[in-house]
Amino acid sequence: MYEQNYLAGHLRSGSAGRENSRFARLYDNGSEISFAEFFHEAERIAAVLQEAGVGPGDRVAVQAEKSITALALYVGTILAGAVFLPLNTAYTPAEIAYFLNDATPAVFVCDPQRLETLAPIAEKAGIAQILTLDADGQGTLTDRQPAQSSFTAVPRDADDLAAILYTSGTTGRSKGAMLTHRNLASNAEVLRDYWQFTADDVLIHALPIFHVHGLFVAVNTLLIAGASMIFMRGFDAQNIISSMPNATVLMGVPTFYVRLLGQNKLADAARSMRLFVSGSAPLLAATHQQWQSVTGHAILERYGMTETGMNTSNPYSGERRAGTVGFPLPGTEVIITDPQTGEWLPQGETGSIEIRGPNVFKGYWQMPEKTAEELRDNGFFISGDLGFYDGAGYLNIVGRCKDLIITGGYNVYPKEVELLIDELPGVNESAVIGVPHPDFGEAVVAVVVPRSETELMAEDIISALGGVLARYKQPKQVFIVDALPRNTMGKVQKNVLREQFSTVNRPPA
């Protein structure tokens with residue numbers, strides 16, 4: 001029944017013969033859901049979507065709170081042969097309007113509390129069917145489910161679309177990355193094997209499910225491995241600590257690990273765990289080292305993108321090197337090229353990171369010109385990230401191409417400056433940006449967050465860097481702030497910083 005649908009067949013394969021085993025335990029109330037119960041709900045949802053007019057290739061847009069039913073909606077969309085379009089729960093009505101008009105979904109699912117605001121927007125976008133789903137898994141989506149759960153999966157091939165995920169749009173119009181059945185299935189299979197997931201694993205799931213990390217990396221990998229999870233509505237340090245004795249894996253963003261380090265019972269709780277994975281934003285080397293000192297575990301940092309899923313990973317067995325994202329995953333090629341010429345660069349040289357493999361997306365929805373700009377004819381995707389391979393072959397990310405600072409004709413890689421600032425006494429974290437300068441084109445500016453107990457002076461930072469950085473790399477100005485702006489996945493929003501500090505007084509020469 002599932003095999004004719006490429007991705008659904010793969011997702012169901014991990015629990016074959018173990019349908020009555022536990023798939024998820026809800027942290028809030030301790031109730032459990034078996035694989036059979038989960039897939040039966042997905043089948044009922046697929047029937048609802050089909051009844052609502054959803055056909056093969058149609059988009060199903062979803063802005064709903066995290067719940068097991070929302071996960072079943074994802075799988076049900078795949079079973080119905082449609083394309084899943086998850087939307088950040090923080091998006092405003094104006095942002096939702098853009099996505100709905102761009103993707104033209106057949107069905108829009110939203111929280112019932114937002115229905116009054118979003119229904120007119122959806123109707124204006126020409127969406128005939130609007131369904132609701134709340135944080136408890138209730139709404140018209142569940143009200144319409146038939147009692148009979150049998151559903152024949154709509155046939156879908158490996159190259160058919162399975163999902164569209166919009167990029168954050170921090171530098172302009174958001175782009176819809178088109179992900180195929182093969183993209184998602186192949187990446188999950190590789191992660192299962194590389195991170196050694198088995199049916200005995202229990203993941204603590206505290207990530208959002210509108211993003212690659214929490215949805216595809218976590219859930220797809222679990223399903224293909226036949227593993228289970230402790231399902232949480234969101235991050236709560238004490239809840240995670242209390243769950244560790246009954247779990248084996250935690251996937252998180254750097255903020256998770258920073259906050260967990262503040263918990264007194266961490267060392268004891270972490271003893272039963274086998275793997276801690278971090279991604280979606282850079283993990284400070286200091287956090288990596290402190291975590292290992294406290295727990296005895298080395299956090300596994302990896303590198304992925306909306307357009308590609310996971311590309312590289314520090315090894316499961318072997319040195320997990322702080323400040324790096326490890327090696328290319330099996331079947332994925334990751335190369336460094338000259339940003340201007342596209343020529344391959346040798347080990348040690350910094351350049352543009354390009355990726356090729358079965359995980360690389362099909363292109364951007366309704367944007368053939370943008371697709372042509374970023375997907376080469378030879379299959380390599382120009383990631384927009386800058387990096388280099390060190391002497392041991394570990395990939396190091398130094399920033400985004402758009403974050404590269406060109407001052408007086410010289411290239412400055414922000415990561416190099418940030419690492420030095422972060423090592424200074426009293427510094428919690430930093431972000432280095434380029435701001436307009438009439439003489440140099442751009443000037444290097446550092447935005448620094450001090451440790452809570454420290455009184456940090458901008459002059460001290462500038463002075464400390466004077467003897468270790470070439471003059472053109474040294475910040476012309478340093479601003480001390482309480483916190484850096486971040487998106488929902490913990491990434492520092494340098495575009496916000498550039499806007500905030502672009503009108504400061506002309507930096508001195």
Side-chain angles (χ1 to χ4, degrees), residues 253-255 257-258 261 278-293 298-303 312 314 319-326 336 347-353 385-407 410-434 442-451 454 456 458 460-481 483-486 490-494 497-498:
V253 297
T255 305
Y257 295 103
V258 172
L261 281 167
S278 181
S280 298
L283 180 75
L284 293 178
T287 304
H288 185 285
Q289 291 155 4
Q290 186 182 1
W291 186 271
Q292 189 162 11
S293 175
I299 296 172
L300 187 152
E301 191 169 11
R302 82 300 182 279
Y303 165 56
T312 72
N314 269 273
E319 181 187 0
R320 298 174 192 170
R321 186 167 292 190
T324 79
V325 292
I336 308 297
Q347 191 174 43
E349 289 196 23
T350 297
S352 174
I353 299 173
D385 288 324
L386 294 166
F388 68 92
Y389 282 107
D390 63 23
Y394 288 76
L395 181 63
N396 293 250
I397 310 290
V398 301
R400 294 286 291 169
C401 290
K402 64 178 173 26
D403 294 332
L404 175 67
I405 303 167
I406 303 176
T407 179
Y410 294 102
N411 290 351
V412 177
Y413 299 104
K415 190 70 172 179
E416 178 186 4
V417 186
E418 291 164 356
L419 288 173
L420 290 171
I421 294 175
D422 292 344
E423 291 176 354
L424 297 176
V427 172
N428 184 29
E429 62 177 340
S430 64
V432 171
I433 58 173
E442 286 184 298
V444 180
V445 167
V447 185
V448 180
V449 178
R451 295 188 184 278
T454 305
L456 200 61
D460 296 335
I461 294 173
I462 293 174
S463 175
L465 296 177
V468 293
L469 278 177
R471 183 169 175 78
Y472 72 90
K473 297 179 183 178
Q474 296 172 23
K476 298 293 190 291
Q477 286 186 305
V478 173
F479 296 93
I480 308 298
V481 299
L484 299 177
R486 298 180 185 275
K491 291 183 181 178
V492 174
Q493 295 176 303
K494 288 193 173 181
L497 292 175
R498 283 191 288 265

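Just so you know, residue 1 is the first one in the sequence shown, and it goes up from there.
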inquiry  = I'd like to check the ring pair (Phe, Tyr, Trp, His ring centres under 6.0 Å) partners of Phe388; sequence neighbours left out, ordered by chain and number.
reply    =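 Ring pair (Phe, Tyr, Trp, His ring centres under 6.0 Å) check on Phe388 returns nothing, list empty.
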Residues forming a ring pair (Phe, Tyr, Trp, His ring centres under 6.0 Å) with Tyr394, sequence neighbours excluded =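 For Tyr394 the ring pair (Phe, Tyr, Trp, His ring centres under 6.0 Å) partners, ignoring immediate neighbours, are Phe327.
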If you take all heavy atoms of [X] and [Y], which pair is closest and at what distance?
{"X": "Glu301", "Y": "Gly323", "value": "OE1-N, 4.4 Å"}
{"X": "Pro450", "Y": "Val481", "value": "CD-O, 3.3 Å"}
{"X": "Lys476", "Y": "Tyr472", "value": "NZ-O, 4.4 Å"}
{"X": "Val258", "Y": "Thr287", "value": "CG2-OG1, 3.9 Å"}
{"X": "Pro254", "Y": "Gly279", "value": "CD-O, 3.5 Å"}

ask   = Just by distance, do the side chain of Gln474 and the backbone of Leu469 share a donor-acceptor pair under 3.5 Å?
value =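 Side chain of Gln474 to backbone of Leu469: a pair is present.
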For the [atom1] atom of [X] and the [atom2] atom of [Y], what is their distance to the nearest 0.5 Å?
{"X": "Ser280", "Y": "Tyr303", "atom1": "OG", "atom2": "OH", "result": "12.5 Å"}
{"X": "Gln289", "Y": "Trp291", "atom1": "CD", "atom2": "CH2", "result": "15.0 Å"}
{"X": "His288", "Y": "Arg320", "atom1": "NE2", "atom2": "CZ", "result": "8.0 Å"}
{"X": "Leu283", "Y": "Ile299", "atom1": "CG", "atom2": "CD1", "result": "5.0 Å"}
{"X": "Leu386", "Y": "Lys415", "atom1": "CG", "atom2": "NZ", "result": "12.5 Å"}
{"X": "Arg321", "Y": "Asp390", "atom1": "CZ", "atom2": "CG", "result": "5.0 Å"}

Applying side-chain hydrogen bond (donor to acceptor under 3.5 Å, both in side chains), can you list everything that pairs with [X], at least two apart in sequence or on another chain?
{"X": "Asp403", "result": "Arg498"}
{"X": "Glu349", "result": "none"}
{"X": "Ser430", "result": "Asp422"}
{"X": "Glu418", "result": "Lys494"}

ask   = How would you list, by chain and number, every residue that makes a side chain to side chain contact (heavy atoms under 4.5 Å, CB included) with Thr255, sequence neighbours excluded?
value =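 Listed in chain order: Val253, Arg259.
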inquiry  = Suppose we screen for side chain to side chain contact (heavy atoms under 4.5 Å, CB included). Which residues come up paired with Ile462, at least two apart in sequence or across chains?
reply    =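 Testing Ile462 for side chain to side chain contact (heavy atoms under 4.5 Å, CB included), a comparison that skips the adjacent residues, returns Val478.
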Using side-chain heavy atoms (C-beta onward) and a distance below 4.5 Å, is [X] in contact with [Y]?
{"X": "Val432", "Y": "Val445", "value": "no"}
{"X": "Asp460", "Y": "Leu456", "value": "no"}
{"X": "Pro475", "Y": "Ile461", "value": "no"}
{"X": "Thr350", "Y": "Ile336", "value": "no"}
{"X": "Ile397", "Y": "Ile353", "value": "yes"}

[X]: salt bridge (charged side-chain N to carboxylate O under 4.0 Å, His left out) partners, not counting sequence neighbours:
{"X": "Lys473", "answer": "Glu416"}
{"X": "Arg486", "answer": "Glu429"}
{"X": "Glu423", "answer": "none"}
{"X": "Arg302", "answer": "none"}

key: With Val325, the side-chain contact (heavy atoms from CB on, under 4.5 Å) member among Thr312, Leu300, Asn396, Asp385   =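 For Val325, the side-chain contact (heavy atoms from CB on, under 4.5 Å) check succeeds only for Thr312.
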